[in-house]
Amino acid sequence: MSQEEEFLNKLATDLIYRFPPTFETLEEERRHRKERLAVALRVFGKFGFEEGVAGHITARDPEHTDHFWVNPFGMSFKHIKVSDLILVNHAGQVVQGRYPVNEAAFAIHSQLHQARPDVIAAAHSHSTHGRALSALGQKLAPITQDACAFYEDHGLFDDYTGVVTDLEEGKRIAAALGGHKAVILRNHGLLTVGDSVDAAAWWFVTMERSCQVQLLAQAAGTPVPIEHDNAVLTRGQLGNDLVAWVNYQPIADQVIREQPDLFD
């Protein structure tokens with residue numbers, strides 16, 4: 001091995017790479033999930049994904065896996081702290097926390113978490129461009145590199161029957177999601193899932209932005225799609241939850257530095 005190769009190898013071993021953390025206890029993992037949930041809610045608030053009391057992000061409890069942590073009903077994403085989060089059981093009862101649960105949050109997320117044991121977190125909100133594309137009843141097209149992360153990996157719930165308060169409607173949404181990372185709810189908005197809070201939040205952020213790009217491109221002319229094989233290749237490069245976690249860290253870092261009170 002040349003001196004140059006030895007030097008480069010030494011540099012490589014000294015580089016700092018960030019990976020999802022591991023935990024020695026359930027208590028540590030629970031605290032981490034709650035902290036990341038609070039961060040994600042602040043991110044959604046920062047990006048303007050709120051619409052009144054609509055919108056929710058959930059994180060499965062690591063010990064009581066049929067329970068999930070969620071933002072309380074009627075509290076701004078921009079103000080939520082770790083101590084504000086509530087724990088909801090499989091029957092929709094708040095078993096920890098001081099605030100009520102959004103009825104739609106329970107109807108949707110309880111069924112998603114039940115149908116997908118692999119899903120740790122799920123995010124849904126009434127973001128502007130997600131709603132706009134959902135009103136067209138369209139899925140994301142592979143017209144940009146970023147959109148290819150969702151190529152053949154998101155569903156369309158092609159129906160609208162009012163505010164979701166029925167568990168059966170939640171089951172239908174879970175069925176439309178299937179094994180995918182996201183689903184577009186027609187006339188409603190976006191819903192994303194992941195094996196971490198960070199992944200689910202990133203998928204929502206980048207899906208919302210991809211919706212915006214698609215709407216802009218369609219308004220300007222006829223978008224040129226990426227060829228199928230290349231779209232599949234790109235999805236393989238960008239479309240997994242680890243890549244989502246990595247992509248999300250700079251956004252989370254911004255919010256943590258700007259809003260350290262969220263950990264209270």
Side-chain angles (χ1 to χ4, degrees), residues 20 32-61 68-73 75-78 80 82 84-86 88 101-102 104-116 118-131 133-134 140 146 149-150 153-157 164 170 173-174 176-185 188-212 239-241 243-249 251-252 255 262:
H32 177 78
R33 288 188 188 181
K34 292 173 67 177
E35 288 180 351
R36 302 311 285 185
L37 180 54
V39 171
L41 290 160
R42 293 291 186 102
V43 167
F44 276 34
K46 180 181 177 71
F47 288 168
F49 294 164
E50 287 186 291
E51 189 74 17
V53 298
H56 17 86
I57 309 176
T58 55
R60 190 191 300 272
D61 187 80
F68 58 80
W69 295 91
V70 64
N71 50 300
F73 178 73
M75 183 178 292
S76 171
F77 292 165
K78 296 179 181 179
I80 290 175
V82 171
D84 294 321
L85 299 173
I86 59 176
V88 180
V101 63
N102 184 316
F106 174 71
I108 296 173
H109 290 255
S110 65
Q111 302 310 302
L112 291 181
H113 284 289
Q114 182 175 324
R116 291 281 300 276
D118 60 308
V119 165
I120 297 301
H124 166 65
S125 194
H126 295 183
S127 55
T128 300
H129 301 99
R131 278 186 293 169
L133 191 67
S134 79
L140 280 177
D146 303 290
F150 299 94
D153 195 19
H154 69 294
L156 173 65
F157 182 62
V164 180
I173 290 173
L177 172 68
H180 301 312
K181 63 166 63 77
V183 60
I184 296 176
L185 312 178
H188 191 169
L190 310 177
L191 189 149
T192 60
V193 300
D195 67 2
S196 67
V197 173
D198 292 27
W202 170 253
W203 292 136
F204 193 97
V205 169
T206 191
M207 192 176 198
E208 163 68 8
R209 289 173 171 172
S210 293
C211 289
Q212 181 179 9
N240 65 74
D241 281 353
V243 173
W245 186 93
V246 171
N247 271 307
Y248 180 72
Q249 299 315 299
I251 296 174
V255 168
L262 68 88

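Sequential numbering from 1 along the given sequence is applied to the chain's residues.
In summary, the side chains of His180 and Asp153 do present a donor paired with an acceptor at a separation below 3.5 Å, with no hydrogens or angles considered. A donor-acceptor contact closer than 3.5 angstrom is absent between the side chains of Asp241 and Trp202.
Between His109 and Phe68, the ring planes are tilted. Angles from 30° to 60° get that label.
When the salt bridge (charged side-chain N to carboxylate O under 4.0 Å, His left out) test is applied to Asp146, no partner is found at least two apart in sequence or on another chain. Considering only residues two or more places apart in sequence or on other chains, Leu185 meets the side-chain contact (heavy atoms from CB on, under 4.5 Å) condition with His124, Phe157, Ile173, Val183, His188. For Ala40, the side-chain contact (heavy atoms from CB on, under 4.5 Å) criterion is met by Ile57, Val197, Ala201, Tyr248, not counting sequence neighbours.
A side-chain donor-acceptor contact under 3.5 Å links Gln249 to the backbone of Trp245. Checking side-chain atoms of Asp118 against main-chain N and O of Gly179 turns up no donor-acceptor pair under 3.5 Å. Not a single donor-acceptor pair under 3.5 Å links the side chain of Arg33 to the backbone N or O of Ser196.
Residues Arg209 and Phe47 form a side-chain contact, since some pair of their non-hydrogen atoms from C-beta on lies under 4.5 Å apart. Under the 4.5 Å side-chain criterion, counting only non-hydrogen atoms from C-beta, Pro72 is in contact with Ile80. For the pair Phe49 and Val205, the minimum side-chain heavy-atom distance is below 4.5 Å. Counting heavy atoms from C-beta outward, Leu140 and Leu133 have side chains that approach closer than 4.5 Å. Contact check for Thr58 versus Leu112: no side-chain heavy atoms found under the 4.5 Å cut-off.
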Exercise. Are Thr206 and Phe150 close enough, and set up right, to give a side chain to side chain contact (heavy atoms under 4.5 Å, CB included), and what steps lead you there?
Worked result: CA-CA 10 Å; Thr206 191; Phe150 299 94; 3.7 Å; yes
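Looking at every heavy atom in both residues, Glu50 comes nearest to Phe77 through OE2-N, 2.5 Å. Here the shortest heavy-atom pairing between Val53 and Asn102 reads O-ND2, 3.3 Å. Closest non-hydrogen pair, Ala122 versus Val193, comes out as CB-CG1, 3.9 Å. For the pair Gly130 and Leu190, the tightest heavy-atom approach, listed with the atom from each and the gap, is CA-CG, 3.7 Å. The nearest pair of heavy atoms linking Ala54 to Ser125 is O-OG, 4.3 Å. Residue Ser134 comes nearest to Gly189 through the heavy atom pair OG-N, 3.6 Å, listed as atom of the first residue, atom of the second, then distance.
Taken from CG in Leu191 to CD1 in Ile108, the straight-line distance is 6.5 Å, to the nearest 0.5 Å. Rounding to the nearest 0.5 Å gives a distance of 12.0 Å between OG of Ser210 and NE2 of His129. Here the CG atom belonging to Leu41 is positioned 12.0 Å from the CZ atom belonging to Arg36, to the nearest 0.5 angstrom. To the nearest 0.5 angstrom, His56 atom NE2 is 12.5 Å from Phe106 atom CZ. With rounding to the nearest 0.5 Å, the separation of NZ in Lys34 from CG in Asp61 is 9.0 Å. Of the inter-residue distances, the one linking Ile184 atom CD1 with Thr192 atom OG1 reads 11.5 Å to the nearest 0.5 angstrom.
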